[in-house]
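Notes for the one structure printed next.
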Amino acid sequence: MNEALPLGVFGGTFDPVHVGHLRLAEEAREALQLGRVRWIPAGQPWHRAAPQTSPAHRLAMVEAAVASNEAFEVDGREVASGRPSYTVDTLTALRAELGDALPLVLILGTDAFSLLHTWHRWRELFALAHIGLATRAGQAVDPAALDPALAAELAARGGRDAQALRKRPSGAIVRFDMTPLAVSATDIRARLARGERCRYLLPDEVFEYIRLNRLY
Ligand code: ATP
C-alpha cells in the first residue's frame with residue numbers, strides 16, 4: 001500500500017452502517033485516489049439526538065461491515081473517549097500522529113456538508129484536512145441553498161480535480177459524483193423495528209450482528 005496517497009477519514013453515527021455508507025467510502029476512495037479510508041464512528045454525537053444503539057455496538061457493526069475491504073480501517077477513538085466527539089479534535093489528534101505532510105480527506109455526503117457551518121470550530125477544519133464531497137451524478141451543490149459563509153468557502157476552495165488533494169495536506173473541497181442510493185439509517189431502523197430483514201440494504205454480517213444482539 002502506498003503510504004503517500006491521501007488518507008480518507010469517514011465519520012458518522014452508523015446507527016446502523018449500511019450500503020450507502022459503504023458505497024460512499026468506496027467511491028470516494030476510487031474517485032479521489034485515496035490510499036485507505038479510516039472509518040471513525042462517533043461516540044456521543046454532539047449535533048444530533050442520541051443514537052438508538054450504544055457506541056460499542058455501532059463500532060462492532062462498522063468493523064463487521066468493512067472487514068472484507070483491505071483499503072478500509074476502523075478507528076475506535078471517538079467511541080473509546082466517552083465524550084461528545086468533535087471532528088476538529090479528532091483531526092487534530094490524527095495530525096499529531098500522522099504528521100503535517102500527509103493529505104487527509106474528510107469524506108462527507110451532501111447533507112452532512114450543508115451543515116458544516118454548524119460544526120464546532122468548523123473553519124479550523126480546512127487547516128487540518130481536505131473535504132471530499134459526494135454529489136449526485138450530474139447535480140451541482142446549490143450554493144444558494146448553503147449558509148453564506150459555507151458557500152464562500154466552497155467557492156474559494158471547491159473543485160473537481162482529485163490531483164489537488166495531493167498537492168497539499170489540507171484546504172481543498174473536491175466534489176465527486178456518487179451513485180445515488182436513497183438509503184438512510186433512519187429508514188433502516190424503522191424497517192428493522194417492523195421486523196424486516198433489510199437484506200441488501202445492510203451487509204449480511206451487520207444484519208447477523210443486529211439479530212444476535214437484538215438491536216433496534
Ligand atoms: P440517519 O438516517 O440516522 O441520519 P445516515 O444514514 O444519514 O443516518 P450517518 O451516520 O448520519 O448516516 O452518515 C454518515 C455519513 O454518510 C454522512 O456524511 C452522510 O452524508 C453519509 N451518507 C449516509 N447515507 C448516505 C447515502 N445513502 N448516500 C450518500 N451518503 C450517505
Side-chain angles (χ1 to χ4, degrees), residues 8-32 34 37-66 69 72 74-76 78-79 84-88 90-91 104-120 122 125 129-142 145-146 150 154 173-194 196 198 200-203 206-207 210 215-216:
V9 176
F10 185 31
T13 316
F14 306 125
D15 185 25
V17 59
H18 55 68
V19 295
H21 300 131
L22 288 159
R23 284 303 303 176
L24 175 56
E26 182 68 359
E27 293 194 31
R29 193 186 65 72
E30 289 171 353
L32 305 178
L34 308 176
V37 175
R38 186 178 293 206
W39 294 58
I40 310 184
Q44 304 170 17
W46 54 272
H47 62 305
R48 52 182 284 163
Q52 200 169 320
T53 314
S54 74
H57 279 318
R58 290 183 289 103
L59 175 64
M61 288 188 281
V62 170
E63 283 172 342
V66 310
N69 189 325
F72 289 169
V74 183
D75 185 327
E78 292 192 359
V79 165
S85 7
Y86 294 114
T87 301
V88 68
T90 301
L91 289 175
L104 299 178
V105 182
L106 185 64
I107 300 168
L108 295 176
T110 317
D111 57 329
F113 178 79
S114 68
L115 293 173
L116 196 71
H117 61 287
T118 68
W119 290 22
H120 186 53
W122 69 279
L125 297 172
H130 298 295
I131 290 177
L133 172 58
T135 52
R136 289 180 163 237
Q139 283 183 7
V141 179
D142 178 9
L146 291 177
L150 184 56
L154 182 61
I173 302 173
V174 175
R175 296 187 287 271
F176 64 98
D177 287 338
M178 181 194 160
T179 310
L181 289 169
V183 180
S184 75
T186 303
D187 175 61
I188 289 175
R189 288 194 298 274
R191 288 170 182 265
L192 289 167
R194 294 197 294 268
E196 288 182 35
C198 291
Y200 306 129
L201 293 176
L202 305 160
V206 175
F207 176 77
I210 289 170
L215 306 181
Y216 307 104

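Numbering of ligands and ligand atoms starts at 1, following listing order. Computed from a predicted model, the values in this text were never measured in an experiment. Both backbone and side-chain heavy atoms feed into the values below; hydrogens, waters and symmetry mates do not.
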Test side-chain contact (heavy atoms from CB on, under 4.5 Å) on L215 and M61 and set out the steps.
CA-CA 11 Å; L215 306 181; M61 288 188 281; 4.1 Å; yes
protein heavy-atom neighbour closest to atom 20 (O) of ligand 1 works out as D111 OD1, 2.4 Å
Of L181, D177, I107, T179, the one forming a side-chain contact (heavy atoms from CB on, under 4.5 Å) with E27 is T179
In ligand 1, the atoms that come under 4.0 Å of a heavy atom of G12 are 10 (O), 14 (C)
State if G11 counts as touching ligand 1 under the rule of any non-hydrogen atom under 4.0 Å. yes
Discussion item. Donor-acceptor pair, distance only, cut-off 3.5 Å: does the side chain of S85 make one with the backbone of A42?
Written reply: no
| query | Hey, mind stepping through I210 and L202 against side-chain contact (heavy atoms from CB on, under 4.5 Å) and telling me if it holds? | reply | CA-CA 10 Å; I210 289 170; L202 305 160; 4.0 Å; yes
The salt bridge (charged side-chain N to carboxylate O under 4.0 Å, His left out) partners of E30 (sequence neighbours excluded) come to none
Using a 3.5 Å cut-off on N or O atoms only, is R189 in polar contact with ligand 1? yes
message = I'd like to know if the side chain of T110 and the backbone of A134 have a donor-acceptor N/O pair within less than 3.5 Å.
response = yes
Open item on the list: So W122 and T87, do their side chains get closer than 4.5 Å, heavy atoms only?
Closed with: no
Atoms of ligand 1 under 4.0 Å from any heavy atom of A112, numbered from 1 in the order shown, are 17 (C), 18 (O), 20 (O)
Note: F10, heavy atoms under 4.0 Å from ligand 1, region reported as side chain
Heteroatom proximity flag, V183 to ligand 1, N/O under 3.5 Å
yes
Near M178 (heavy-atom distance under 4.0 Å), the atoms of ligand 1 are 28 (N), 29 (C)
heavy-atom search around atom 10 (O) of ligand 1 in the protein gives T13 N, 2.9 Å
(Q) Ring-plane angle category for F14 and W39, please: parallel below 30°, perpendicular beyond 60°, tilted otherwise. (A) tilted
Ranked by distance from atom 24 (N) of ligand 1, the top protein heavy atom is H18 CE1, 3.3 Å
Residue pair L154 / R175, side-chain heavy-atom distance below 4.5 Å:
yes
the protein heavy atom lying closest to atom 4 (O) of ligand 1 turns out to be R48 NH1, 3.2 Å
Ranked by distance from atom 2 (O) of ligand 1, the top protein heavy atom is T186 OG1, 2.5 Å
At under 4.0 Å between heavy atoms, what of R23 touches ligand 1? The answer is neither
I want to know if ligand 1 touches L181 in the polar sense, i.e. an N/O pair below 3.5 angstrom. yes
(request) Examine distances only and state if a side-chain atom of D15 and a backbone atom of Q52 form a donor-acceptor pair shorter than 3.5 Å. (result) yes
With heavy-atom distances below 4.5 Å as the criterion, would you say the side chains of T53 and Y216 are in contact?
yes
Can you check whether L201 reaches H18 side chain to side chain, under 4.5 Å on heavy atoms? no
| Quick one: does D15 get a heavy atom under 4.0 Å from ligand 1? | no
Practice problem: Could you tell me whether some N/O pair between G109 and ligand 1 is separated by less than 3.5 angstrom? | Solution: yes
Logged contact type for L24 with ligand 1, heavy-atom cut-off 4.0 Å, is side chain
Ligand 1 to A185, heavy atom cutoff 4.0 Å, flagged ligand atoms 1 (P), 2 (O), 3 (O), 5 (P), 6 (O), 8 (O)
the protein heavy atom lying closest to atom 22 (N) of ligand 1 turns out to be H21 CD2, 4.0 Å
